[in-house]
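The analysis underlying the following values was restricted to heavy atoms, covering all of them including side chains, and did not include hydrogens, waters or symmetry mates. We count ligands from 1, going down the list as the structure has it; atoms in each ligand are counted the same way.
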Amino acid sequence: MTAINKSKLPPGPKTKSPLGYLFSYRRDSIGFLKKISKEYGDIVHFKIGNIRVVLLNHPDYIKEVLSTHHKDFVKGRPLKMAKHLLGEGLLTSEGEYHKTHSRIIQPAFHRNMIESYVPAMTNVIAQITNKWQDGMKADMKDEMTKMSIAIAGKVLFDADIEQEAVEISEALDTATSLFGRISLPFSEWLLKVPLPGNKKFYKAKAKLDSIVSRMIKERSVRKLDNGDLISLLLQSQCKNGDAGMSDEQIRDEAITLFLTAFDTTSTALTWAWYLLSQNPEAETALHKEIDIILQGRLPAADDIPQLKYTRMVFGESLRLYPPSYVIPRQALKDFSIDKYIIPRGSIILMSPYLIHHDSRFYAEPEKFNPYAWDKHTGSSSSKYEYFPFSRGPRSCIGEPFAWMQGTVVLAAIAQSWRITHVPGHKVELLPLINLRAKHGMMMTLHRRN
Ligand code: HEM
């Protein structure tokens with residue numbers, strides 16, 4: 001092992017504790033990252049156990065890692081825990097394997113395919129909102145989760161799973177609550193011990209596996225090829241020993257896409273409803289646009305390019321509350337950045353949350369202003385100031401799907417409903433795998449005339 005030149009390490013807090021800053025990070029990851037970047041600057045080094053961690057807090061540095069020198073980094077250790085749930089899917093795999101599978105799956109996210117998903121999305125929205133009543137109180141986190149699960153099931157697998165949405169969401173919550181252990185130095189070992197938490201994890205994983213396997217099996221029996229995700233996966237299945245995907249690989253890709261699709265999008269939409277409820281001017285502008293363009297219809301694919309303000313609302317919500325609030329990588333070799341060296345094996349953290357709230361890049365970072373977002377992202381020279389979907393070759397494959405779903409859900413619901421925040425309901429951040437609202441999002445549904 002080559003010795004580390006400590007004088008070239010980036011600055012950062014130091015502690016004698018063998019656990020490093022494990023508990024400070026686990027207690028309040030966003031608060032901790034904010035604090036150290038304020039104290040030490042845009043490149044900060046600290047330790048969690050014996051692992052070196054480097055926070056990069058400037059768009060130029062982030063571009064180096066995600067794009068310019070992306071080959072020098074892997075998802076690595078931070079994604080290892082996720083593999084216990086997702087296997088070798090697009091999110092967790094690396095190298096040629098990832099490239100080949102990405103090429104197979106990409107057509108499901110082409111523009112014409114995404115447009116063809118709109119009627120299925122609006123059907124699901126109508127089914128769910130038909131159960132709403134004027135004046136009813138609802139947890140918008142639950143409503144958006146149910147909706148996003150049903151949309152992902154219908155669009156990606158042509159399966160009707162709204163009835164199972166609660167079970168699916170609870171299983172995912174149980175499975176991901178264990179991911180908090182990811183930062184523990186001995187996390188891999190912990191998962192092998194028969195602790196009660198681990199039993200719950202494997203039970204939740206089995207539940208999710210069985211639902212996804214059933215959706216794959218049903219489609220395989222129906223032999224329907226409509227170009228959607230599951231058609232593409234089944235087409236690439238290895239037959240008679242050729243070089244296609246195995247059943248296990250198909251399962252891994254299917255579960256990855258299913259879970260990543262609904263968890264992120266439902267989180268983003270929950271925050272969007274909250275922000276609209278706090279910003280009446282934006283809410284009025286949204287209603288005005290929808291009333292003029294849709295005139296009482298549900299949105300169709302042709303309407304989407306005209307729903308500009310609706311899209312801005314979704315974009316600005318993703319700025320203030322990016323579901324993926326931290327994007328990690330691991331350095332494959334010593335990496336020079338500015339005047340420092342990041343040693344091989346270090347974990348690099350890049351936080352859309354921190355960058356999106358930085359007054360160096362946004363004039364009024366805490367203000368919800370969809371017009372400002374549009375102006376800024378439209379004219380910005382550095383795209384890395386806004387990266388809720390990451391950037392570079394490993395950015396989100398589902399981004400066009402998310403923009404479409406975000407716009408369609410906001411437009412279809414805001415056309416008939418005004419949604420206000422229940423007074424006194426506490427709103428706090430819960431940074432788990434995604435940036436959730438800790439106490440859910442209790443809101444009142446008012447039917448619009
Ligand atoms: C608002 C919604 C969404 C957000 C904020 C989001 C965010 C992200 C981010 C930040 C990454 C990169 C992670 C990294 O670099 O380590 C990512 C990757 C990924 N996302 Fe999304 N995502 C969203 C919606 C979706 C949807 C709807 C799908 C699928 C239908 C999806 C599927 C994936 C997959 C498969 C990857 C891995 C891509 C790869 O590594 O090649 N995401 N997402």
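Note on R111 versus E115: salt bridge recorded, some NZ/NE/NH1/NH2 to OD/OE distance being below 4.0 Å. Between D374 and R311 there is no salt bridge, since no side-chain N of the basic residue sits under 4.0 Å from a carboxylate O of the acidic one. Between E289 and K308, no side-chain nitrogen of the basic residue sits less than 4.0 Å from a carboxylate oxygen of the acidic one, so the salt-bridge criterion is not met. With salt bridges taken as basic N to acidic carboxylate O contacts below 4.0 Å, one links D72 and K333. Using a 4.0 Å cut-off between charged nitrogen and carboxylate oxygen, D358 and K34 do not count as a salt-bridge pair. The pair E94-R394 meets the salt-bridge criterion, with a side-chain N (NZ, NE, NH1 or NH2) lying under 4.0 Å from an Asp/Glu carboxylate O. Between D28 and K35, no side-chain nitrogen of the basic residue sits less than 4.0 Å from a carboxylate oxygen of the acidic one, so the salt-bridge criterion is not met. Taking the charged nitrogens against the carboxylate oxygens, D209 and K205 do have a contact shorter than 4.0 Å, which makes a salt bridge.
Scanning the protein for heavy atoms near atom 28 (C) of ligand 1, the closest one is G398 CA, 3.6 Å. At the shortest separation from atom 21 (Fe) of ligand 1 among protein heavy atoms lies C396 SG, 2.3 Å. The nearest protein atom to atom 40 (O) of ligand 1, hydrogens excluded, is given as R394 NE, 2.8 Å; this is a heavy-atom distance. For atom 35 (C) of ligand 1, the closest heavy atom belonging to the protein is I397 CG2, 3.5 Å. Protein heavy atom nearest atom 16 (O) of ligand 1, with residue, atom name and distance: R329 NH1, 3.0 Å. Summary of contacts: the protein heavy atom closest to atom 6 (C) of ligand 1 is F389 CD2, 3.7 Å. The single protein non-hydrogen atom nearest to atom 13 (C) of ligand 1 is K75 NZ, 4.0 Å, given as residue, atom name and distance. Protein heavy atom closest to atom 41 (O) of ligand 1, with residue, atom name and distance, is H98 NE2, 2.6 Å.
Interface atoms of ligand 1 facing P388, defined by a heavy-atom separation under 4.0 Å, are 5 (C), 7 (C), 10 (C). For ligand 1, the atoms sitting less than 4.0 Å from at least one non-hydrogen atom of S324 are 7 (C), 8 (C), 9 (C), 10 (C), numbered in the order shown with element in parentheses. Within the listing of ligand 1, atoms 18 (C), 19 (C), 36 (C), 37 (C) sit less than 4.0 angstrom from a heavy atom of L91. Distances below 4.0 Å separate heavy atoms of I327 from the following atoms of ligand 1: 10 (C), 14 (C), 15 (O), 16 (O). Listed by number with element, the atoms of ligand 1 under 4.0 Å from a non-hydrogen atom of S395 are 38 (C). Close approach of ligand 1 to S390 (heavy-atom distance below 4.0 Å) involves ligand atoms 10 (C), 12 (C), 15 (O).
Taking the ring centroids of F73 and H69, they lie at or beyond the 6.0 Å cut-off.
The environment of CD in E248 is sparse: at most 12 heavy-atom neighbours from other residues, nucleotides or ligands sit within 6.0 Å.
With a 4.0 Å cut-off on non-hydrogen atoms, F387 does not touch ligand 1 at all.
When T256, L86, T260 are checked for heavy-atom proximity to atom 32 (C) of ligand 1, T260 turns out nearest.
Here the straight-line distance linking atom NE2 of H70 with atom OG of S67 works out to 7.0 Å at 0.5 Å rounding.
Between T265 and ligand 1, a contact under 3.5 Å exists for no N or O pair.
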